[in-house]
Amino acid sequence: MTADTSFRLRVAVIGAGPSGLAQLRAFAAARKEGAEIPEIVCFERQSDLGGQWNYSWRHGTDEYGESVHSSMYRHLWSNGPKETLELADYTFDEHFGRPISSYPPREVLWDYISGRIERDGLREWIRFSTIVRRVDHDAATRTFTVVSEYLPTGEQTTEVFDRVVVATGHFSVPNVPYFEGIETFPGQVTHAHDFRGAEHMEGRTVLVVGGSSSAEDIALQAFKFGAARVLISHRRDPLGYGWPDRIEECAVAERFEGRTVHLADGTSVEVDEVVLCTGYRHSFPFLPAHLALHTKNKLWQDHLYKGVVFEHCTDLFYLGMQDQWFTFNMFDAMGWFVRDVILGRFELPPLEEMRADMAAWKAKFEAIDSVPAKGWFQAAHFKDVLAATDYPPFDVDAGVRTFLEWKQDKKEDILTYRDVCYTSHLTGTTATPHHTPWIDELDDSMENYLRLHGPVAAVEPAAGWAFGFLRSLLVLLLPVPAPPLERYP
Ligand code: FAD
Ligand code: NAP
Ligand code: MG
């Protein structure tokens with residue numbers, strides 16, 4: 001099943017978020033080394049790159065009547081240490097030239113992911129404000145027909161491609177459950193996707209429904225901006241942090257009666273506002289049903305060999321469709337791998353072998369029995385993809401250990417975990433504290449963030465390079481056996 005590269009392939013990449021950009025950068029890296037690469041067209045429905053990180057004040061519909069893509073909000077900061085998402089092929093030191101804190105705000109991370117794209121002139125590959133409407137596949141000719149629309153004019157274009165990479169994300173289409181009587185609630189009910197900031201919540205009682213990152217962070221936003229009382233209503237295990245006085249966890253909401261919310265434990269609360277942090281749906285409206293993934297937010301996705309190659313059409317690839325502990329660097333590994341399949345550098349095994357491999361991963365996924373085991377599972381998957389590529393070494397196990405420390409930081413103090421500093425697994429650079437504790441920082445702009453950023457202990461480029469080189473050598477020469485998936489001390 002080697003790719004026929006005797007003619008110049010055309011590759012469509014759908015989406016210029018971190019995953020789509022990883023794909024572009026992967027091809028650019030091969031080109032830099034002198035490889036002949038396919039013609040690449042990246043379709044991006046927004047007017048700029050960055051995906052979720054490209055903040056919009058809009059919610060609901062955009063200026064073209066399309067649904068708004070990004071679910072991010074003002075005052076969104078990284079919720080994990082940046083050292084776990086650092087790109088091995090473009091470090092934070094390379095971009096910022098000095099240490100920064102471990103939890104940068106959104107705009108700073110947007111700037112970072114844009115950096116290597118600008119450096120390599122890859123914007124040229126992206127058609128902005130262009131939405132993919134329809135993708136069809138012709139198995140006989142091994143080609144795809146892609147219909148796209150330039151949103152400002154409505155002009156549609158139909159083109160033929162040999163490979164398609166779907167990098168459209170999966171945190172944009174809200175999952176909105178129904179609660180009995182919710183239509184009688186006189187206040188505002190929004191989904192986290194439409195939440196843009198908590199300033200208006202000052203003095204109000206807010207009910208946040210859900211038990212994951214959005215529930216946790218939107219509750220913290222409400223607290224930070226002065227909500228009188230925040231209730232987090234979950235249906236499984238409580239988040240269980242040592243919440244400050246104005247935040248509490250409660251049983252799942254069962255029924256609404258005006259402003260009164262009846263909870264599953266028989267108690268009730270009066271609230272002013274409801275935010276449904278109930279997750280998202282994978283959605284591929286441009287794909288016919290037989291090419292689309294029909295799934296949920298999980299660490300292992302069926303029908304994707306190595307998590308990226310679509311079982312039923314191996315010229316179709318999906319990037320970043322898994323639930324995410326690792327993000328940017330894992331998307332890079334995936335992008336590098338897809339590139340190598342497309343370039344014929346990695347030969348896909350026969351279908352039966354791919355199926356056996358996917359079944360083995362699924363069994364490991366189903367055996368996950370603890371929170372740390374989730375991290376180790378994703379690490380194992382990440383390393384499996386990484387091993388098949390020439391992506392610069394990234395110490396994935398150290399990344400999981402950082403995630404486990406991060407979970408401990410949150411347990412110790414949910415209000416100060418974003419003030420903790422970590423050390424880069426790539427450069428050895430230790431983060432410097434932000435000039436203002438996260439809970440007191442009401443300005444999330446990059447300008448403010450970079451102003452007075454701690455003592456400017458400039459990164460010594462040579463020392464940083466030498467450390468990175470030695471670390472890479474060690475990672476390559478002394479592969480530390482991975483701890484068992486199930487348990488980690
Ligand atoms: P996306 O970032 O969603 O990008 C997909 C791109 O595809 C978008 O630009 C979109 O416009 C485009 N697109 C979609 N459909 C079409 C179409 N039909 N035609 C053309 N273009 C299309 N991760 C972290 O590492 N740290 C965090 O702190 C963090 N915070 C988050 C906070 C929120 C609220 C959310 C929702 C996610 C957060 N994430 C975070 C996870 C986030 O999903 C990843 O960081 C990353 O953005 C995923 O990249 P992606 O390219 O796969 O998808
Ligand atoms: P998510 O992780 O998929 O979680 C969805 C939550 O909704 C789960 O807790 C789920 O509960 C709950 N839920 C679904 N249906 C429900 C129902 N009918 N009743 C009650 N609860 C229901 O989605 P997310 O929290 O929106 O996070 C999405 C992504 O955004 C993640 O990658 C996250 O890291 C990121 N994020 C980051 C930040 C930041 O601060 N940087 C902020 C927000 C989000 P069950 O588990 O019981 O199914
Ligand atoms: Mg993308």
Side-chain angles (χ1 to χ4, degrees), residues 12-23 42-56 62 66-73 75-82 84-85 103-106 109-110 113 126-135 146 148-149 151 166-179 191-193 195 208-218 220-221 232-237 239 252-254 264 276-281 283-287 296-298 318-331 334-335 418:
V13 178
I14 311 178
S19 294
L21 297 176
Q23 191 62 74
C42 176
F43 297 94
E44 172 50 62
R45 46 171 292 190
Q46 302 188 74
S47 60
D48 205 350
L49 53 76
Q52 286 286 349
W53 299 90
N54 178 17
Y55 170 77
S56 170
D62 68 12
E66 301 291 332
S67 58
V68 170
H69 181 83
S70 181
S71 306
M72 289 200 180
Y73 38 87
H75 308 291
L76 183 139
W77 295 51
S78 174
N79 62 343
K82 75 177 195 307
T84 60
L85 55 76
Y103 295 85
R106 180 205 59 79
L109 286 177
W110 177 87
I113 53 182
I126 309 172
R127 289 194 207 153
F128 290 105
S129 304
T130 305
I131 190 168
V132 169
R133 291 282 186 214
R134 177 97 201 153
V135 175
V146 175
S148 64
E149 179 176 328
L151 292 165
V166 179
T168 50
H170 58 94
F171 294 129
S172 280
V173 177
N175 173 50
V176 187
Y178 175 70
F179 295 89
H191 186 276
H193 171 64
F195 173 81
V208 168
V209 182
S212 186
S213 317
S214 290
E216 175 187 314
D217 199 56
I218 290 174
L220 288 173
Q221 297 292 325
I232 307 176
S233 160
H234 51 79
R235 65 179 177 185
R236 263 186 250 269
D237 301 335
L239 288 161
V252 73
E254 263 190 359
L276 299 175
C277 300
T278 44
Y280 294 87
R281 292 166 173 266
S283 172
F284 308 97
F286 50 88
L287 285 174
K296 291 185 172 173
N297 189 26
K298 307 185 291 180
Y318 282 94
L319 294 184
M321 290 302 155
Q322 296 74 14
D323 191 7
Q324 294 155 11
W325 280 49
F326 289 96
T327 54
F328 302 166
N329 41 33
M330 183 177 69
F331 305 153
M334 291 176 164
R418 282 184 168 106

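Every number for a ligand or one of its atoms is a count from 1 in the order of the listing.
At least one N or O atom of Asn297, backbone or side chain, sits closer than 3.5 Å to an N or O atom of ligand 2. For ligand 2, the polar-atom distance check finds an N/O of Cys277 within less than 3.5 Å of one of the ligand's N/O atoms. Considering backbone and side-chain N/O of Gln324, none are found under 3.5 Å from N/O of ligand 2.
Around atom 38 (C) of ligand 1, the closest heavy atom drawn from Met72, Arg133, Met330 belongs to Met72. The nearest non-hydrogen atom to atom 1 (P) of ligand 2, considering only Ser214, Ser212, Gly211, comes from Ser212. The residue among Trp53, Phe43, Phe195 with a heavy atom at the shortest distance from atom 40 (C) of ligand 1 is Trp53. Of the candidates Leu109, Leu151, Val132, the one placing a heavy atom closest to atom 17 (C) of ligand 1 is Val132. When the options Pro18, Gly17, Ser71 are ranked by their closest heavy atom to atom 49 (O) of ligand 1, first place goes to Pro18. Looking at Phe179, Tyr280, Phe171 and measuring to atom 31 (C) of ligand 2, the nearest heavy atom belongs to Phe171. Looking at Gln221, Lys298, Arg235, it is Arg235 that brings a heavy atom closest to atom 11 (O) of ligand 2. One option in Gln52, Gln23, His69 has a heavy atom closer to atom 8 (C) of ligand 1 than any other, and that option is His69.
Residue contacts with ligand 1 for Ile131 involve both N, CA, C or O and side-chain atoms from C-beta outward (heavy atoms, distance under 4.0 Å). Only side-chain heavy atoms of Pro177 come within less than 4.0 Å of ligand 2; its backbone N, CA, C and O stay farther off. With a 4.0 Å cut-off on non-hydrogen atoms, Thr327 touches ligand 1 through its side chain and not its backbone. Contact annotation: for Trp325 versus ligand 2, there are no heavy atoms closer than 4.0 Å. Under 4.0 angstrom from ligand 1, the non-hydrogen atoms of Ala167 all belong to its backbone. Residue contacts with ligand 1 for Ile14 involve side-chain atoms from C-beta outward but no N, CA, C or O (heavy atoms, distance under 4.0 Å). With a 4.0 Å cut-off on non-hydrogen atoms, Asn54 does not touch ligand 1 at all.
Considering only residues two or more places apart in sequence or on other chains, Asp48 meets the side-chain hydrogen bond (donor to acceptor under 3.5 Å, both in side chains) condition with Arg123.
Listed by number with element, the atoms of ligand 2 under 4.0 Å from a non-hydrogen atom of Gly279 are 5 (C), 7 (O), 23 (O). For ligand 1 and Phe331, the ligand atoms under 4.0 Å from any heavy atom of the residue are 46 (C), 48 (C), 49 (O). Applying the 4.0 Å criterion to heavy atoms of Asp217 picks out, from ligand 2, the atoms 40 (O), 42 (C). Using a 4.0 Å cut-off to heavy atoms of Trp77, the atoms of ligand 2 that qualify are 39 (C), 40 (O), 41 (N).
Ser56 has its side chain out of reach of Asp62: every pair of non-hydrogen atoms, C-beta onward, lies at least 4.5 Å apart.
For atom 7 (O) of ligand 2, the protein comes within 4.0 Å by at least one heavy atom.
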